[in-house]
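We number each residue from 1, following the sequence as shown.
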Amino acid sequence: MTRAVVAVVLAGLAGLAGLAGLAVPAAAAPLVVELAPGVTLDWRRGVVVAHGVGPADRNAPSPEVARVAAARAAEHQARARLSAAVGRVPIVGAVLATTEPAVSAAIERAPLTAVVRATDGSARVEVTIGLEALRQARSGPRTVAGDDGDPPAIAVDARALAVTPRVGLGLVSAGAAWHGPLRYVTAPPPGATVVRATAAAPTQLTLAGAGPAPGASVVVVVPPEP
């Protein structure tokens, strides 16, 4: 094979590699992340879920009695795991810390979303906290226009940009910034008004159209994982 032919072949392979690279968006990121053992961050649902396990007390007079203490121990473990992992939640600004009273209070108020009591007296629980609860613990309550009817649904299309999901990401339009609850999805939900994002920064997205109204339900559309 001559040098000229080799050069053409290599150039062709380089071109194919470049096209393959374009086919996988750089912005693609996992939307379900394990923050720590037993603690999962789900950007699609906008929640952090912590699991706890309580063993059965073999000295209890019956499994029914053992389940009460086991469920309490499982809940304690889940909240302790959540408290230890909350500082790993990506958020605009300084990391979340349970030394902040509002953050600690939000974790204590986080509801039990699942309790499974086994026949042997053990128990498993699930504690779930909303990312918006963590954002408000940092930034204070958000403004809501009213409670008449469903909130407007807005889908910010950021699939052409490199977006790293994080709590507290601002949406900027015509110089005005919007902050509120965000979820991250890979396709606009049915019926949502789609607004294109034109630029991404670590703290905000710039929008081509009007920003969301106060109280809007907003999702950021990002590329699916490769």
[X] and [Y]: same hydrophobic cluster, using ILVMFWY side-chain contacts below 4.5 Å?
X      : Y      : answer
Val221 : Leu169 : no
Leu35  : Val47  : no
Val48  : Leu112 : yes
Val185 : Val156 : no
Val49  : Val127 : no

Point-to-point distance, once rounded to the nearest 0.5 Å, from [atom1] of [X] to [atom2] of [Y]:
X      : Y      : atom1 : atom2 : result
Leu171 : Ile154 : CG    : CD1   : 10.0 Å
Asp42  : Glu34  : CG    : CD    : 13.0 Å
Arg117 : Ser122 : CZ    : OG    : 11.0 Å
Arg79  : Ile129 : CZ    : CD1   : 9.0 Å
Leu31  : Arg45  : CG    : CZ    : 13.0 Å

(request) With sequence neighbours left out, write down each residue that passes side-chain contact (heavy atoms from CB on, under 4.5 Å) with Thr40, or none if nothing qualifies. (result)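 Here the qualifying residues are Val32.
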(message) List the residues meeting side-chain contact (heavy atoms from CB on, under 4.5 Å) with Thr198, not counting sequence neighbours, and say none if there are none.
(response)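 Expected list: Arg196, Thr206, Ala208.
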With heavy-atom distances below 4.5 Å as the criterion, would you say the side chains of [X] and [Y] are in contact?
X      : Y      : result
Pro165 : Val220 : no
Pro152 : Thr193 : no
Leu182 : Trp43  : no
Gln77  : Val53  : yes
Leu134 : Ile91  : no

(request) Output yes when Glu132 and Arg135 qualify as a salt bridge under the 4.0 Å nitrogen-oxygen rule, no when they do not. (result)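 A salt bridge is present here (some side-chain N lies under 4.0 Å from a carboxylate O).
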(message) Would you say that more than 12 heavy atoms from the other residues, nucleotides or ligands in this model lie under 6.0 Å from the CZ of Arg166, or not?
(response)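 Yes, enclosed.
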Checking [X] side chain against [Y] main chain: does a donor-acceptor pair fall under 3.5 Å?
X      : Y      : answer
Arg44  : Arg183 : no
Arg138 : Val95  : yes
Arg124 : Ala74  : no

Nearest heavy-atom neighbours spanning [X] and [Y]:
X      : Y      : answer
Ala162 : Ala200 : O-CB, 3.9 Å
Arg88  : Ala36  : NH1-CB, 3.5 Å
Gly121 : Ala70  : O-CB, 3.2 Å
Val103 : Ala97  : CB-O, 3.5 Å
Leu207 : Ser173 : CB-CB, 4.3 Å
Pro202 : Val92  : O-CG2, 4.0 Å

(request) Can you spot which of Thr164, Leu96, Leu41 makes a side-chain contact (heavy atoms from CB on, under 4.5 Å) with Pro90? (result)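 Output: one option passes, namely Leu41.
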(message) Using the side-chain contact (heavy atoms from CB on, under 4.5 Å) definition, which of the options Val115, Val116, Thr113 pairs with Glu126?
(response)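 Among Val115, Val116, Thr113, the one meeting side-chain contact (heavy atoms from CB on, under 4.5 Å) with Glu126 is Thr113.
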